[in-house]
Amino acid sequence: MKDAMKHWLVKSEPDVYSFDDLMKDSKRTTKWHGVRNFQARNLLREMKKGDAVLFYHSSCEPPHAAGIARVVREAYPDDSAWDPKSDYPDAASTPENPRWYMVDVQGEKALPAPVTLAEIRDNPKLAAMKLVQKGQRLSVQPVTAAEYAEVLRMAEKKAKS
DNA sequence: GCCAACGTTGGC
DNA sequence: GCCAACGTTGGC
């Protein structure tokens, strides 16, 4: 039996890399590199081709879910770790013995309206989302199918209002 | 700019 | 293996 598609949320600071930046790429695809946290890395490695990803903008006003993307390449070594010019060097990771991984994600479409952190927090159906739980700072988080659908529903409802 | 939360490092 | 120090995240 084929595994059910999983759902994820990834955070990015729009000043650094926004959902628009992703959509402007010629293939609408980017290497999701620079993850330097073991828990987040382990989640990255669970991502499967075709999984749906909510693209969330953090450290902006207001923080919000901006768009949806899809995993198009499963985890492979993050070469920015040993690139001295990268923003995220880590000498502990080498081509022979990589510590950090990345996936490729492809932008699918912007949400019809952004769904803010405050709106997510105000929705009781989303109370279990990692995003709204205290101290949850992981840049890669699993999301249930129901939560994912609810965020999309909120975006559509908001766009119509 | 502040600071709570919490992951990581390193001395012991 | 403990834990203090330190760094980072990210909302506010």
Asker: Sorted by first residue and then second, give each ring pair (Phe, Tyr, Trp, His ring centres under 6.0 Å) pair with at least one member in residues 73-99 of chain A; sequence neighbours left out.
Answerer: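 The answer is A:His33-A:Tyr88.
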Asker: Using a 4.0 Å heavy-atom cut-off to protein, can you give one letter per nucleotide of nucleotides 5-12 of chain C, 5' to 3': B if the base is in contact, S if only the sugar-phosphate is, - if neither?
Answerer: ---BBBSS
Asker: Going by salt bridge (charged side-chain N to carboxylate O under 4.0 Å, His left out), name the residues that satisfy it together with A:Glu46, two or more places apart in sequence or in a different chain.
Answerer: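 For A:Glu46 there are no salt bridge (charged side-chain N to carboxylate O under 4.0 Å, His left out) partners, ignoring immediate neighbours.
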Asker: State which residues pass side chain to side chain contact (heavy atoms under 4.5 Å, CB included) with A:Met23; sequence neighbours excluded, sorted by chain then number.
Answerer: A:Phe19, A:Arg28
Asker: Under 3.5 Å, which donor-acceptor pairs do the side chains of residues 135-146 of chain A form with other protein atoms, sequence neighbours left out?
Answerer:
{"from": "A:Gln136", "atom 1": "OE1", "to": "A:Leu138", "atom 2": "N", "distance (Å)": "3.1"}
{"from": "A:Gln141", "atom 1": "OE1", "to": "A:Leu131", "atom 2": "N", "distance (Å)": "3.2"}
{"from": "A:Gln141", "atom 1": "NE2", "to": "A:Leu138", "atom 2": "O", "distance (Å)": "3.1"}
{"from": "A:Thr144", "atom 1": "OG1", "to": "A:Glu147", "atom 2": "N", "distance (Å)": "3.0"}
{"from": "A:Thr144", "atom 1": "OG1", "to": "A:Glu147", "atom 2": "OE1", "distance (Å)": "3.3"}

Asker: Just to verify, what does A:Glu156 make a side chain to side chain contact (heavy atoms under 4.5 Å, CB included) with, not counting sequence neighbours?
Answerer: A:Pro112
Asker: Got a sec, which residues hit ring pair (Phe, Tyr, Trp, His ring centres under 6.0 Å) with A:Tyr148, two or more places apart in sequence or on another chain?
Answerer: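 Applying ring pair (Phe, Tyr, Trp, His ring centres under 6.0 Å) to A:Tyr148 gives A:His7.
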Asker: Enumerate all atom pairs, one protein N or O and one N or O from nucleotides 1-3 of chain B, separated by less than 3.5 Å.
Answerer:
none

Asker: Identify, with sequence neighbours excluded, every residue that meets side chain to side chain contact (heavy atoms under 4.5 Å, CB included) alongside A:Lys27.
Answerer: A:Asp25, A:Thr29
